[in-house]
Amino acid sequence: MMMKRMGAWMLLALLTLVGEWHGRCYGCWEEERIGLLEIKALDGFYLGDWVDSSNCCEWYGIECDNTTRRVIQLSLFGRRDFRLGDWVLNASLFLPFKELQSLDLGSNGLVGCLENEGFEVLSSKLRELDLSYNRFNKSILSCFNGNLSTLKSLDLSDNGLTAGSGFKVLSSRLKKLENLHLGGNQYNDSIFSSLTEFSSLKSLDLSYNQLTGSINSFQLLPMRMGKLENLDLGGNRLNSSILSILSGLSSLKSLDLSRNMFTGSGWCELKNLKQLDLSRNNLGGSLPDCLGNLSSLQLLDVSKNQFTGNIAFGPLTNLTSLEFLSLSNNFFEVPISMKPFMNHSSLKFFCNENNKLVTEPAVFEHLIPKFQLVFFSVSKTTEALNVQIPNFLYYQYHLRFLDLSHNNITGMFPSWLLNNNTRLEQLYLSGNSFVGTLQLQEHPYPKMTELDISNNNMTGQIPKDICLIFPNLESLRMAKNGFTGCIPSCLGNISSLSLLDLSNNQLSTVTLELLTLQYLKLSNNNLGGQIPTSVFNSSVSEYLYLGDNNFWGQISYFPLNGWKSWIVVDLSNNQFSGMLPRGFVNSTNLEAIDLSKNHFKGPIPRDFCKLDQVQYLILSDNNLSGYIPSCFSPPSIIHMHLSKNRLSGPLTYGFYNSSSLVTMDLRDNNFTGSIPNWIGNLSSLSVLLMKANHFDGELPVQLCLLEQLSILDVSQNQLSGPLPSCLGNLTFKESSQKALVNLGVLLLPRSIEKAYYETMGPPVVASMYTLLKGYWPNFTEEVVEFTTKNMYYGYKGKILSYMSGFDLSNNNFVGAIPPEFGNLSEILSLNLSHNNLTGSIPATFSNLKRIESLDLSYNNLNGVIPPQLTEITTLEVFSVAHNNLSGKTPERKYQFGTFNESCYEGNPFLCGPPLRNKCCEEAVPSQPVPNDEQGDDGFIDMEFFYISFGVCYTVVVMTIAAVLYINPYWRRRWLYFIEDCIDTCYYFVVASFRKFPQL
């Protein structure tokens, strides 16, 4: 504590000194790093660089009084050059800023204040105080010891505050508080009893807490907070029971109920309501008619619910004051002509994604609307339209954002949209059926920052003057078309361009200057040539995708000081050769590497052990050799593919500490030794592929510890021993982690936020943030190859997340199939063929209700095929060929009616269709079906057979001996019979011997 006090006084002295030095302002910080002096105080306090300027009132985050030139507003929110860390605030820190009216200390990691020292120095003037995104918890009370009677706005959101943090005490000190932000904490319903004394509150934010809707607590709202105008309850667990209480807040102008569990209405009584956010609830049915009574409503967001019906016949037609309307992700029918809103002259923002667009008679196609939209998004409609662009857009001239993507709209590129809307900043037309060449007007559109025409049918060359037409582009996406020729070299000269995606075209020439963009994706084209060293020395490049082209050369000799800024590098399916580059280890941010399908050779460098951040590593389909370094165990790795190389040796301790590993692909190599027991430590492992190696020994029971394991392929090895019965305890749950490659950066353009501010002012509800059109440039799609149904499939996406299967074929496993395997009720594929398994087929296999492929061929199984298997209706591939099975084939019904003779061949004692061997009822009596629960191994219990045979033999012999002993007549006849047999044998032998010639 003493050290922190000394640090604060040292800081105070420095601030005072610099304040006097500047002469015109008091205690200024700045953000630009052009400065004169760097100050580092105790406890990690870092001020940054002071600037040589006589007017600090012009610095970023500073606002001064026009007359006195004293600082009245100071913002240090999340400053790059100002980190308080775990500091404890004290009063002396604020002495140079006694005139402050607004103070922002958000996102600085503050933990509290010194005892009885806080913001009292500022109490006479301070009106706005932002302490959000810190770590105060309950210690926040020690900061409010003065009489902050002038404070009107207090932001304590995201501080981990809990119930009982003492707001009743604060109410006496914050008597004029009007705006209170408590979102992102851990409050429950009891918080309302602590807030009742804040009678002057006009805005209350309790979003993202733990509110459940206690009636007794919520009843205090209309009783004690009658002046409340803005209420944010989003992101809690509230239900419809509180709606009747909220209707008593007659002064409410904005209400945010998003991300809760509401199912019914109850807001129609709030006549003064101007903004209503009901998004992300469980609301369904038609919009309530009473909604049309909210004539003052300017913003309505009902997105991500289950509403239905045609909006042309609902209450929305009466809400002519609407400026913002979001209907996305429901089951609405929305007329493409926008006829229901033709009289909504104030409408500026309209969002309609994932609904059904409906067409209307041609008479409505040429209606001229009264509105002029700023934002219009109609994308991802649930039914393909195959229509032209809506006609009403011909009469729109103020658009700044337009999204018509994924609607199957046909025709040529609509260049007229650019002519009509010269302020257009973002245009998204991807996922349609536009055809022809990209024809652009010759005059420039300097406002355009994002253009996306990917996934269409456009052809021809990219216009060479595209850089002159869009000189300020930040993002250009033209992937999945048929563009040919060269990539315009001028794109590399657009200083604002950071994202360029021209993948999946037929482009053949690229100017290498382009390779220094922050995000560049040129995959799957016809590009070629060598990549210069300068590409990997770029200080701005982070994401490089050059896969599926014809680039060649060696990159192992590139300087080790390169690669520093890289996050993703994809050079797959090219003609690169030589050793693997060691320069990767210089990038502290590298998360994904794909060098597959090239001609790299040699061992995996030990330098790769330093790739601590890598999450995705693909080195498959090369000529790599040698051992995997024992130190190679990246702690963050999720997907790893080393298949189809010539790697060898045992798996010692590589990947030993990779607890995040989801996919381990070692197929088609020369690995030897046993599968290590430490594999049970990889708790996240879901896909384990070891096919076609030289692993031996038993299958480790530690595999049973992998609760996430769903795909296991150890086929074509030399594994032996019994099958672990504990594998039957695995539960194959759907897992998106198998298919998830969550790499990239979310690029959020700020133009929509700016347009919203200009049109509707600062956002009161969260609806504005749902409009932000971000872009998540994923690295690649995770693909897992697995053999099932006698075919080799590549699984990806949603299908991979549901896929499950075991392939243990082509090994030397012995013993019976564990009956516990019948507990794998969610498994889709099971292959135990080409082993030495014995015993019967477990009747518990009838529990495999979802299985699609079951292969038990080429073993030594005996007994009958359990007839219960016919109950499996999902089975598509089934084989028990080449075993020792007997009895009847299963009844030909359901799926078993589709299996032919090859599924049963190689079992000589098996009969019945589709085999040619017919069953004879007399010769082949009915035999019992094995009961796995009693432990029977097959149709014939050999132990019981030997015992019964011995007993019967002994009984027969003893019976004969008893008869001969009792009856002398039969005893004499028996002795005469034995004597005759001996004589006959003797004369037969003598006669036969005389026939041989004498030597």
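Taking both residues in full, the closest heavy atoms of Met458 and Ile453 are given as SD-CD1, 4.0 Å, listed atom of the first, atom of the second, then distance. When all heavy atoms of Asn525 and Leu502 are compared, the pair lying nearest together is ND2-O, 3.1 Å. When all heavy atoms are compared, the tightest approach of Phe349 to Phe375 is CD2-CB, 3.2 Å. Of all heavy-atom pairs between Lys304 and Asn330, the closest is N-ND2, 3.8 Å. Shown here for Ser572 and Asp570, the closest heavy-atom pair between the two residues is OG-OD1, 2.8 Å.
Remark: Asp452 engages Arg477 in a salt bridge (Lys or Arg N to Asp or Glu O under 4.0 Å) (not counting sequence neighbours). Here Leu800 pairs with Ile711, Lys738, Ala739, Glu782, Val784, Tyr795 under the side-chain contact (heavy atoms from CB on, under 4.5 Å) rule; sequence neighbours left out. Here Lys644 pairs with Glu785 under the salt bridge (Lys or Arg N to Asp or Glu O under 4.0 Å) rule; sequence neighbours left out. Residues forming a side chain to side chain donor-acceptor pair (under 3.5 Å) with Gln506 (at least two apart in sequence, or on another chain): none. The side-chain contact (heavy atoms from CB on, under 4.5 Å) test applied to Lys798 returns Glu734, Ser801, Tyr802, not counting sequence neighbours. With sequence neighbours excluded, the residues forming a side chain to side chain donor-acceptor pair (under 3.5 Å) with Glu758 are Arg400, listed by chain and number. By the side chain to side chain donor-acceptor pair (under 3.5 Å) test, Asp548 is found to be paired with Asn573, residues two or more places apart in sequence or in another chain being considered. Asn420 meets the side-chain contact (heavy atoms from CB on, under 4.5 Å) test with Tyr397, Trp416; sequence neighbours excluded. Judged as a side chain to side chain donor-acceptor pair (under 3.5 Å), and not counting sequence neighbours, the contacts of Asn352 are Asn355.
With hydrogens and angles disregarded, a donor-acceptor distance shorter than 3.5 Å links the side chain of Asn645 to the backbone of Ser643. At distances below 3.5 Å, at least one donor-acceptor pair connects side-chain atoms of Asn505 with backbone N or O atoms of Asn481. Put simply, the side chain of Asn456 gets close to the backbone of Leu429: a donor and an acceptor are under 3.5 Å apart.
Taking the six-membered ring where the residue is Trp, Phe551 and Phe576 present parallel rings, their angle staying beneath 30° rather than reaching 60°. The aromatic rings of Phe401 and Tyr428 sit tilted, their planes meeting at an angle between 30° and 60°.
Between Ile637 and Leu617, some side-chain heavy-atom pair lies under the 4.5 Å cut-off. Residues Val568 and Tyr545 meet the side-chain proximity criterion, which asks for heavy atoms closer than 4.5 Å.
A donor-acceptor pair shorter than 3.5 Å can be found between the side chains of Thr381 and Asn407. A donor-acceptor contact under 3.5 angstrom links the side chains of Glu542 and Gln518, judged on distance only. For Asn329 and Ser303, the side-chain atoms include no donor-acceptor pair closer than 3.5 Å. Gln396 and Tyr394 form no side-chain donor-acceptor contact under 3.5 Å, judged by distance and modelled atom types alone. Side-chain polar atoms of Thr759 and Glu323 form no donor-acceptor pair below 3.5 angstrom.
For residues 442-478, the ring pair (Phe, Tyr, Trp, His ring centres under 6.0 Å) pairs, not counting sequence neighbours, are His443-Tyr445. The stretch residues 595-606 participates, sequence neighbours left out, in these side-chain hydrogen bond (donor to acceptor under 3.5 Å, both in side chains) pairs: Gln575-His599, Asp594-Ser596.
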query = Is there a side chain to side chain contact (heavy atoms under 4.5 Å, CB included) between Thr509 and Leu507 once you walk through the steps?
reply = CA-CA 6 Å; Thr509 308; Leu507 300 167; over 6 Å; no

inquiry  = Working note: Ser454 + Met478, criterion side chain to side chain contact (heavy atoms under 4.5 Å, CB included); need CA distance, chi angles, decisive distance, verdict.
reply    = CA-CA 4 Å; Ser454 56; Met478 305 173 69; 5.9 Å; no

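Checked against a 6.0 Å centroid threshold, the rings of Phe655 and Phe632 count as neighbours.
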Side-chain donor-acceptor pairs of residues 459-467 under 3.5 Å, sequence neighbours excluded:
none

